[in-house]
Amino acid sequence: MKRLIFAVFLATTLLSAAQAQQTPNFENLTVEQLQQQAADLHPAALYLLASRLLQRGDGQGAANWMYAGQLRYRFLLEAEGAAGRDDRVLFDALSEQVGRPIDEYIAGDVDEWLAAMDWALEWDAANDNGTTSKAEYASALAKTRAGLESFRQSVEAQREEIPQQRAANGLENR
């Protein structure tokens, strides 16, 4: 629980610092407001949303939004190239502090894990991106989506081994 509280605090702090000059403070938005505005928000806000959902006990929703945030953040970084150093630091911190606990939860059920990745890919395809132009950076978007699709295929291919590996590492399978 302490780790989750720290993750929410870190995500909020990092997000606030990164966005202070560009957009309103996201820590004041409710979960519902974050969901409604998600397509236009910086990808870090999706990690904040995911951490709040996990804190509420909605692991599937947290995983859906975390993978959507990860997909959009990787796309942003790919589009920015070397100019995205500050964003890279924030992405790495959010992936560790928010992404890791969500991954540990969602990987406990391979079907739910695959569903979260599918949901993120579908949500991203169906929604505009208010942060990074899908048209201007079409090749970066295709590369990023292919990366998540490849990861999804590797999880599917290891479907039988994942629960065994988790059990051997003392992790819960649901």
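Worth saying up front: this structure is predicted, and the values here are computed from it rather than measured.
Distance check: Leu48 CG to Leu53 CG gives 9.5 Å after rounding to the nearest 0.5 Å. With rounding to the nearest 0.5 Å, the separation of CG in Leu29 from CD in Gln35 is 11.5 Å. Separation of atoms CG (Leu71) and CG (Leu148) is listed at 5.5 Å; rounding is to 0.5 Å. Rounding to the nearest 0.5 Å gives a distance of 6.0 Å between CD of Gln158 and CD of Gln165. The distance from the CG atom of Leu94 to the CG atom of Leu46 is 10.5 Å, given to the nearest 0.5 Å. Between the CZ atom in Arg74 and the OG1 atom in Thr144 there is a gap of 8.5 Å [rounded to 0.5 Å].
Both Phe151 and Leu114 sit in one connected hydrophobic cluster of ILVMFWY residues. Membership requires side-chain heavy atoms under 4.5 Å apart, directly or through other members.
For the pair Phe75 and Tyr137, the minimum side-chain heavy-atom distance is below 4.5 Å. Side-chain contact between Arg152 and Glu156 is present, with at least one heavy-atom pair separated by less than 4.5 Å. At a threshold of 4.5 Å between non-hydrogen side-chain atoms, the residues Met117 and Val155 count as touching. Considering only heavy atoms from C-beta on, Tyr67 stays 4.5 Å or farther from Trp123 through its side chain. A heavy-atom distance below 4.5 Å is found between the side chains of Arg52 and Leu34. Between Asp87 and His42 there is a side-chain heavy-atom pair separated by less than 4.5 Å. In this structure, the side chains of Glu96 and Asp92 stay at 4.5 Å or more apart for every pair of heavy atoms. Residues Arg159 and Asp111 are in side-chain contact: their nearest non-hydrogen atoms beyond the backbone lie under 4.5 Å apart.
Taking each heavy atom of Asn129 and Thr132 in turn, the nearest pair found is OD1-N, 2.9 Å. Minimum interatomic distance between Asn64 and Ala116 (heavy atoms only, all atoms of both residues): OD1-CA, 3.2 Å. Across Gly59 and Ile106, no two heavy atoms sit closer than the pair O-CD1, 4.4 Å. The shortest heavy-atom contact between Ala107 and Ile162 is O-CG2, 4.0 Å. Here the closest heavy-atom approach between residue Pro101 and residue Val98 is recorded as CD-O, 3.2 Å. Heavy-atom minimum distance, Pro163 versus Asn173: O-ND2, 2.9 Å.
Arg88 places no side-chain N or O within 3.5 Å of a backbone atom of Leu77 that could act as its donor or acceptor partner. With hydrogens and angles ignored, the 3.5 Å screen pairs a side-chain donor or acceptor of Gln60 with a backbone N or O of Glu112.
Every residue two or more places apart in sequence or in another chain that forms a ring pair (Phe, Tyr, Trp, His ring centres under 6.0 Å) with Phe91 is listed here: Tyr73.
In this structure, Arg72 forms no cation-pi arrangement with Tyr47, as its terminal cationic atom is not both closer than 6.0 Å to the ring centre and no more than 45° off the ring axis.
At most 12 heavy atoms of other shown residues, nucleotides or ligands fall within 6.0 angstrom of atom CD in Glu160.
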ask   = Between Leu41 and Thr131, is a side chain to side chain contact (heavy atoms under 4.5 Å, CB included) present by the stated rule, with each step listed?
value = CA-CA 7 Å; Leu41 299 176; Thr131 304; 6.0 Å; no
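Using a 4.0 Å cut-off between charged side-chain N and carboxylate O, Lys134 and Asp128 make no salt bridge.
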